[in-house]
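Here the structure is laid out as structure tokens; the discussion comes afterwards.
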2 protein chains.
Amino acid sequence: MILSASSVHALRAVAWLAAHENGEAMLGRDLARQVNVPADYLSKVLATLARGGVLTASRGVKGGYRLARPASRIRLIEVVLPFEGKRAIPGCLLRPGHPCRESGACSAHPAWGRVKDAYTAFLEKTTIAQIKGGS
Amino acid sequence: MILSASSVHALRAVAWLAAHENGEAMLGRDLARQVNVPADYLSKVLATLARGGVLTASRGVKGGYRLARPASRIRLIEVVLPFEGKRAIPGCLLRPGHPCRESGACSAHPAWGRVKDAYTAFLEKTTIAQIKGGS
DNA sequence: GGTATTATGGACATACGTGTCCATAATCCA
DNA sequence: TGGATTATGGACACGTATGTCCATAATACC
């Protein structure tokens, strides 16, 4: 389904974190239980997000994870990029890896362009605050 | 990138076939060379498309592949479905496998819905004739 | 300082997509 | 009928995503 499982895990975790911020750091295992993802796997995802500057992690008692910034200033692309790699931003449909500019665009460009634009706009313009739900 | 490599191979092959129909059947190895896909791999893809009723295959001398119907009556979803499986039609973003109806839609529904609708419309409404290029 | 607690990291297992190689079946033509 | 030609199918190889398990490092609290 378009986004990899790791990306969805990451979005779910960050969105849940945004919807339940209360000053305290949230434990990795609690977060895993809440978003229904294997704890040992989610820990890798969370570490990646911390390295990417989306979350801050702290160890020891009272440790856990927090958002590095307000949810309204975290865009989906930042959450997803480490897991999607270059595949995050789609290119030409029939010629993968091809830029598919207007001049010399491939034959599928008119139909595919609408999907491509909607998708990239979704990742680049939507913030966590817009998908977090809760309140 | 959203669609699997096999799906893109299939689309490229069918589109090329549509753009170069001339009454003759096209050999699998020629098709593979034209769309730049490994011949031994494309043959599996083409067999799947034949089983799915998108192409007709014939063996022996003068054999090869043809479109089973005019390109204007082959929708992209038919070409892609055997390779994408249930993943072909996207569902809820944060709750994979969830229908995400309007009532009780997940929190990401407003933003994600636009992408989802554009994508499913692309697959279900676009025909091979619209992406085949050539003349 | 010592101990419990938490995140971090490495090694490993598994499934699947992609791709290769080769034997076999079906078809055409001489 | 026999051989050449073509699609079909099975077995295998390989990389990557996903997931599990366990040791280690960092931190807070007593």
Side-chain angles (χ1 to χ4, degrees), chain A residues 1-14 17 23-33 35-68 80-88 96-97, chain B residues 1-13 17 24-33 35-68 80-88 96-97:
Chain A
M1 218 295 305
I2 298 190
L3 286 169
S4 69
S6 295
S7 290
V8 175
H9 293 346
L11 286 174
R12 283 162 62 88
V14 175
L17 219 39
E24 309 260 315
M26 176 137 210
L27 271 69
R29 59 170 178 271
D30 292 343
L31 196 42
R33 184 156 32 84
V35 301
N36 204 31
V37 169
D40 282 314
Y41 188 53
L42 186 63
S43 72
K44 313 274 186 180
V45 172
L46 295 174
T48 300
L49 291 172
R51 269 195 303 273
V54 171
L55 303 180
T56 61
S58 51
R59 304 202 235 198
V61 183
K62 286 289 176 183
Y65 299 94
R66 305 165 195 259
L67 295 185
V80 154
L81 196 55
F83 309 103
E84 299 296 309
K86 56 190 63 167
R87 184 186 54 174
Chain B
M1 219 298 302
I2 298 188
L3 286 170
S4 69
S6 294
S7 290
V8 175
H9 293 346
L11 287 174
R12 283 162 60 89
L17 219 38
E24 309 260 316
M26 175 137 211
L27 274 80
R29 59 169 177 272
D30 291 343
L31 196 42
R33 184 158 30 84
V35 300
N36 203 31
V37 169
D40 283 313
Y41 189 52
L42 186 64
S43 72
K44 314 272 185 180
V45 172
L46 295 174
T48 300
L49 291 172
R51 269 194 303 273
V54 172
L55 303 181
T56 60
S58 52
R59 304 202 234 199
V61 182
K62 286 289 177 184
Y65 299 94
R66 304 166 196 258
L67 295 184
V80 155
L81 197 56
F83 309 102
E84 299 295 308
K86 55 189 65 168
R87 184 184 53 174

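Given the structure is predicted, the values throughout are model-derived calculations rather than measurements. When reading the values below, keep in mind they use all heavy atoms of this one structure, side chains included, and skip hydrogens, waters and symmetry mates. The sequence lines fix the lettering, A, B, ..., with proteins before strands; numbering per chain opens at 1.
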Problem - Qualifying ring-ring contact (aromatic ring centres under 6.0 Å, His included) pairs with a residue from residues 37-57 of chain B, counting only residues at least two apart or across chains - result: B:His9-B:Tyr41
Practice task
Could you state the atom-to-atom distance from CG of B:Leu27 to P of C:dT27 in whole Å?
Solution key: 16 Å
Exercise for the section: Could you say whether B:Gly60 or A:His9 is positioned toward the 5' end of DNA chain D, judged by the nucleotide with the nearest heavy atom to each? Expected result: B:Gly60
Practice task
Apply side chain to side chain contact (heavy atoms under 4.5 Å, CB included) to B:Arg51 and list each qualifying residue two or more places apart in sequence or on a separate chain.
Solution key: B:Ala47, B:Thr48
Under 3.5 Å, N/O pairs linking protein and nucleotides 11-17 of chain C:
none

Fill in the blank from the handout: In numerical order, the residues of residues 51-59 of chain A whose heavy atoms come under 4.0 Å of DNA chain D are A:Arg59
Practice task
For B:Ser7, enumerate each residue passing the side chain to side chain contact (heavy atoms under 4.5 Å, CB included) test, keeping only those at least two apart in sequence or located in another chain.
Solution key: B:Leu3, B:Ser4, B:Val80, B:Phe83, B:Glu84
Handout entry: Residues in side chain to side chain contact (heavy atoms under 4.5 Å, CB included) contact with B:Arg66, at least two apart in sequence or another chain
Key = B:Ala25, B:Thr56
Completion exercise
Residues at least two apart in sequence or cross-chain that pass salt bridge (charged side-chain N to carboxylate O under 4.0 Å, His left out) with A:Lys62, listed by chain then number, are A:Glu24
Problem - Where A:Ala39 and A:Ala32 come nearest, the two heavy atoms and their spacing - result: CA-CB, 3.6 Å
Fill in the blank from the handout: Contacts of A:Leu81 meeting side chain to side chain contact (heavy atoms under 4.5 Å, CB included) (sequence neighbours excluded), chain-then-number -> A:Ile77, A:Ala88
Exercise for the section: Check every strand shown and say whether B:Leu46 touches a base, only sugar-phosphate, or nothing at a heavy-atom separation below 4.0 Å. Expected result: nothing
Exercise for the section: Working to the nearest 0.5 Å, report the span between CE of B:Met26 and CG of B:Leu55. Expected result: 12.0 Å
Problem - Residue list, salt bridge (charged side-chain N to carboxylate O under 4.0 Å, His left out) with A:Asp30, at least two apart or on another chain - result: A:Arg33
Handout entry: For B:Ser6 against B:Val45, the heavy-atom pair lying closest together
Key = O-CG1, 4.2 Å
Fill in the blank from the handout: Contact span of DNA chain D against chain B, any nucleotide atom under 4.0 Å from a heavy atom, 5' to 3', runs D:dT5 to D:dA11
Fill in the blank from the handout: In this structure, CZ of A:Arg87 is separated from CD1 of B:Ile2 (nearest 0.5 Å) by 9.5 Å
Completion exercise
Here the pair of heavy atoms bringing A:Tyr65 nearest to A:Gly28 is CE1-CA, 3.8 Å
Practice task
Work out how much the helix from C:dG1-D:dC30 to C:dA30-D:dT1 bends between its end axes, five pairs an end, to the nearest 10 degrees.
Solution key: 0°
Problem - Atom of A:Leu46, atom of A:Ala13 and distance for their closest heavy-atom approach - result: CD2-CB, 4.1 Å
